[in-house]
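Written below as structure tokens is the structure these notes are about.
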Amino acid sequence: MKITDLLKLDTIIINLQSVTKQAVIDELSGKLAEADRLNDVDGFKAAILKREEQSTTGIGEGIAIPHAKTNAVKIPAICFGKSVSGVDYESLDGQPAHLFFMIAASEGANADHLETLSRLSSLLMDDKFRARLISASSGEEVLEIINQKEMEAYEEESEEKQSSNGASSNDKGGKILAVTACPTGIAHTYMAADALKAKAKEMGIDFKVETNGSTGIKNGLTAAEIEEADAIIVAADKQVEMERFNGKHVIIVPVAQGIRKTEELLTRAVNQEAPVYKAGNDKNDEGDSAKGGLGIYKHLMNGVSNMLPFVVGGGILIALSFFFGIEAADPANPDYNPIAKALSDIGGGNGAFFLLVPVLAGFIASSIADRPGFAPGMVGGLLAAQANAGFLGGLIAGFLAGYVVLLLRKLFSKLPQTLDGIKPVLLYPVFGMLITGFIMIFLVNEPVTAINTGLTNWLQGLSGTNAIFLGLILGGMMAVDMGGPLNKAAFTFGIAAIEASSFGPHAAVMAGGMVPPLGIALATTFFKSKFSETERKSGFTNYFMGASFITEGAIPFAAADPLRVIVSSVVGSATAGALSMALNVTLPAPHGGIFVIPLVNHPFRYLLAILIGSLITALILGIWKKKQK
């Protein structure tokens with residue numbers, strides 16, 4: 001059975017209207033119901049949401065695969081949706097999701113259906129395949145792209161079976177085994193298996209992976225293979241048979257890490273950097289640490305993404321108050337205006353901006369320790385804000401509170417089971433706030449406030465070459481990974497600068513973030529022979545995305561041709577950032593693209609900096625890129 005036997009034109013939404021995770025689920029489910037694939041749309045959505053509670057199906061790389069196996073499904077089906085601007089789907093990498101495949105499997109789905117759904121998950125590990133789907137402009141084109149990719153995959157599978165029967169070549173000696181499993185056994189199970197297998201092949205590791213999916217155990221590990229193995233990776237969100245690994249080095253992680261951290265896991269396995277598994281020992285499981293610490297970046301992005309609505313909303317309201325005069329919100333100023341004062345209060349230090357640091361800290365802590373970490377994190381962040389410790393203080397408060405609560409969980413695990421009910425409502429908040437608060441007040445706030453004051457003075461004193469160099473660095477960082485860690489680090493620095501009443505750095509940040517999509521749009525317009533028809537169509541949409549400060553519009557082009565696109569974008573963005581600072585442009589709003597340019601002190605200079613950066617990107621990319629055959 002082919003994927004396109006389950007995905008049809010009547011279950012494709014080429015332009016999703018949704019802008020939130022819940023709305024995406026509603027829209028895709030509604031499409032399946034409209035196509036008569038469901039018995040009960042509400043029952044199906046409930047099953048989808050239940051799966052999301054176990055772990056997000058936003059796996060990163062711009063993909064989300066919400067899925068459920070339930071009797072609410074009338075006919076097994078796939079619903080595809082595409083969002084050019086992206087949706088915050090709580091993805092593992094903290095980035096917006098652009099491609100959505102909602103998988104509807106009936107309770108009695110046969111093996112052919114389930115294997116087809118699993119094959120789709122595997123195909124999505126190919127970044128070029130994803131880039132082509134993002135560029136697709138019609139349902140027919142989506143089906144054609146999937147059909148072509150599936151035929152290529154069949155040929156590759158046939159060759160692989162003939163040559164290795166699923167195992168990678170052995171250049172390094174020893175053998176690494178893996179088991180992948182997720183609760184539904186449709187998507188993540190096979191994506192993790194394929195990601196690990198591909199990376200093992202690239203690293204020259206003798207490797208075999210067993211999948212515990214909906215159709216049962218495939219490619220099962222034998223006793224002889226386990227005996228010979230140097231280490232075993234168990235990437236699973238459900239129970240798998242573990243007794244057989246007694247006495248072996250075993251790495252136990254969530255299935256998502258099998259997709260996201262393949263090289264790290266395989267390197268640890270090769271070096272046997274894992275405890276020896278002892279059957280019947282509860283301490284073997286790495287689940288607590290995995291749950292509480294999927295990575296500093298993930299926790300940081302959880303805080304930043306939840307803080308952004310306060311940043312954007314508050315910043316724009318503050319900027320709007322400037323329309324009445326720079327000092328119009330001050331009752332003692334002759335230009336005082338009550339509306340300006342109200343706008344400033346709602347967006348500024350008495351409203352949205354007052355909550356930035358507590359919200360950042362609270363959501364970092366909840367990412368580490370789940371819900372019990374939220375209150376201690378918020379309190380720690382509030383104490384940091386009141387002490388003028390700024391963003392740095394909030395970051396420390398968030399991580400401190402999260403790990404304090406994890407420690408409390410371990411300490412209180414020895415208490416009688418009858419006290420379990422009072423832990424989340426009494427013990428965790430009281431002791432979490434107490435310990436976090438004491439550490440923040442007596443150890444953290446004073447030195448961090450001094451650092452923050454020094455940073456503020458440095459930013460306000462920037463001029464000449466120093467300012468231009470800072471603009472060059474910040475602008476370039478926005479284009480290196482286009483929404484990734486460096487991009488977010490530059491954006492966060494810009495917000496911290498605004499908080500310190502220094503509005504130049506964030507002007508450079510926004511200029512740098514607008515250049516990649518605008519430069520690519522210009523390149524597809526003036527160098528048409530260098531791009532395919534689908535790329536030219538996608539390039540046109542980048543005019544709007546770039547103008548709206550959505551750097552992610554450049555990602556499909558970067559995925560298809562990373563060296564040329566990223567280098568061209570970094571050069572153009574760095575130029576725009578440097579020019580913005582050189583021309584003394586300031587921007588009080590942290591977001592908005594061209595919509596907030598009227599709030600800039602020198603709007604024409606700013607537009608010139610962005611235009612020059614975009615033209616440089618377009619010229620480098622257009623000249624460097626090869627002609628389409």
Subject >> Aromatic ring proximity Y277/F245, centre distance under 6.0 Å >> reply: no

Original post:
What distance separates I435 CD1 from L408 CG, expressed to the nearest 0.5 Å?
Top reply: 4.5 Å

**OP:** Anything under 30° is parallel, anything over 60° is perpendicular, the rest tilted; go ahead and classify F363 against F374.
**Re:** perpendicular

**OP:** Give the ring-plane orientation class for Y403 versus F399, where under 30° counts as parallel, over 60° as perpendicular and anything between as tilted.
**Re:** parallel

Original post:
Is E225 salt-bridged to K248, cutoff N-O under 4.0 Å?
Top reply: no

Original post:
When you check the gap from the basic side-chain N to the acidic O, do K21 and E90 get nearer than 4.0 Å?
Top reply: yes

Original post:
Do you know which of D206, V250, L221 makes side chain to side chain contact (heavy atoms under 4.5 Å, CB included) with L177?
Top reply: L221

Subject >> Minimum heavy-atom distance P66-Y89, with the two atoms named >> reply: CB-OH, 3.4 Å

Subject >> Main-chain N/O of L7 paired with T11 side-chain donor or acceptor, under 3.5 Å >> reply: no

**OP:** Using the side chain to side chain contact (heavy atoms under 4.5 Å, CB included) rule, take L360 and I364 through it: C-alpha gap first, then chi angles, then the decisive distance, then the call.
**Re:** CA-CA 6 Å; L360 175 71; I364 288 173; 4.0 Å; yes

Original post:
What residues form a side chain to side chain donor-acceptor pair (under 3.5 Å) with R371, not counting sequence neighbours?
Top reply: none

Original post:
Counting N and O atoms only, with roles assigned by atom type, does the side chain of T262 sit under 3.5 Å from a partner on the main chain of G258, one being a donor and the other an acceptor?
Top reply: no

Original post:
Taking the six-membered ring of F412, is NZ or CZ of K423 closer than 6.0 Å to its centre and within 45° of its axis?
Top reply: no

Subject >> Residue pair I251 / A274: nearest heavy atoms and the distance that separates them >> reply: CG1-CB, 3.4 Å

Subject >> Rounded distance [0.5 Å steps], CE in M440 versus CG in L400 >> reply: 7.0 Å

**OP:** Determine, stepwise, if the pair M203 / L266 fulfils side chain to side chain contact (heavy atoms under 4.5 Å, CB included).
**Re:** CA-CA 9 Å; M203 296 171 68; L266 288 164; 4.1 Å; yes

Original post:
Are the side chain of E150 and the backbone N or O of I3 linked by a donor-acceptor pair below 3.5 Å?
Top reply: yes

**OP:** Show your working on side chain to side chain contact (heavy atoms under 4.5 Å, CB included) between I75 and R37 and close with a plain yes or no.
**Re:** CA-CA 5 Å; I75 302 170; R37 304 300 201 277; 4.2 Å; yes

**OP:** Look up atom NZ in K208 and atom CD1 in I226, then write down how far apart they are to the nearest 0.5 Å.
**Re:** 9.0 Å

**OP:** Starting at CD1 of I134, measure out to CZ of R132 and round the result to the nearest 0.5 Å.
**Re:** 13.0 Å

Original post:
At what distance, to the nearest 0.5 angstrom, does NZ of K69 lie from CZ of F44?
Top reply: 13.5 Å

Original post:
Between atom OG1 of T4 and atom CD1 of I145, what is the distance when rounded to the nearest 0.5 Å?
Top reply: 13.0 Å

Subject >> Polar side-chain atom of D5 near backbone of K2 as donor-acceptor pair, under 3.5 Å >> reply: yes

